Amino acid sequence: MLIKPSTALRNEYNSISELCKSKQEPVYLTKNGEGDLVLLSIEAYNYREEMLDLREKLLAAEANRLSGAKTYTIAEMSERLRGLINENL
């Protein structure tokens, strides 16, 4: 876990920015000894948001399955995809 005082952001911005980018993990900033902010590189933030979005979609799909929604076997999906592909050719 990378922890820095909030004054480091002002005094060491470039090194903290590089640290976020090179480690691809958050840097936690403290203010008066208490947690205050979390910094992430844009790449790490975007990756995190994509993973959260995917997780949300998977949970919704699982909830649908558990509530009795129609599901398909791999063979059924392959057949449906073949039909869609053949119609477009």
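These numbers come from a predicted model, not from an experiment. Quick note: residue numbers are just sequence positions, from 1.
In this view, Tyr72 and Arg80 satisfy the side chain to side chain donor-acceptor pair (under 3.5 Å) rule, not counting sequence neighbours. Applying the side chain to side chain contact (heavy atoms under 4.5 Å, CB included) test to Thr7 and every residue at least two apart in sequence or in another chain returns Pro5, Arg10, Asn11. With sequence neighbours left out, Ile3 forms a side chain to side chain contact (heavy atoms under 4.5 Å, CB included) with Met1, Tyr28, Thr30. By the side chain to side chain contact (heavy atoms under 4.5 Å, CB included) test, Glu25 is found to be paired with Leu2, Lys23, residues two or more places apart in sequence or in another chain being considered.
Residues Val27 and Ile16 approach most closely at CG1-CG2, 4.4 Å, considering heavy atoms.
Sorted by first then second residue, the side chain to side chain donor-acceptor pair (under 3.5 Å) pairs that include residues 55-67, not counting sequence neighbours, are Asp53-Lys57, Glu62-Arg65.
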Only pairs under 3.5 Å count here: list side-chain donor-acceptor contacts from residues 31-51, not counting sequence neighbours, and write none if there are none.
| unit_1 | atom_1 | unit_2 | atom_2 | d |
| --- | --- | --- | --- | --- |
| Ser41 | OG | Ala44 | N | 3.1 |
| Asn46 | ND2 | Ile42 | O | 3.4 |

### Message
Go through it in stages, so that I can follow the logic: the residues are Lys4 and Leu19, the test is side-chain contact (heavy atoms from CB on, under 4.5 Å), and I'd like the CA-CA distance, side-chain angles, deciding distance and then a yes or no.
### Response
CA-CA 11 Å; Lys4 298 279 186 182; Leu19 186 62; 4.2 Å; yes
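For Ile74, the CD1 atom is loosely surrounded, since the number of other residues' heavy atoms within 6.0 Å does not exceed 12.
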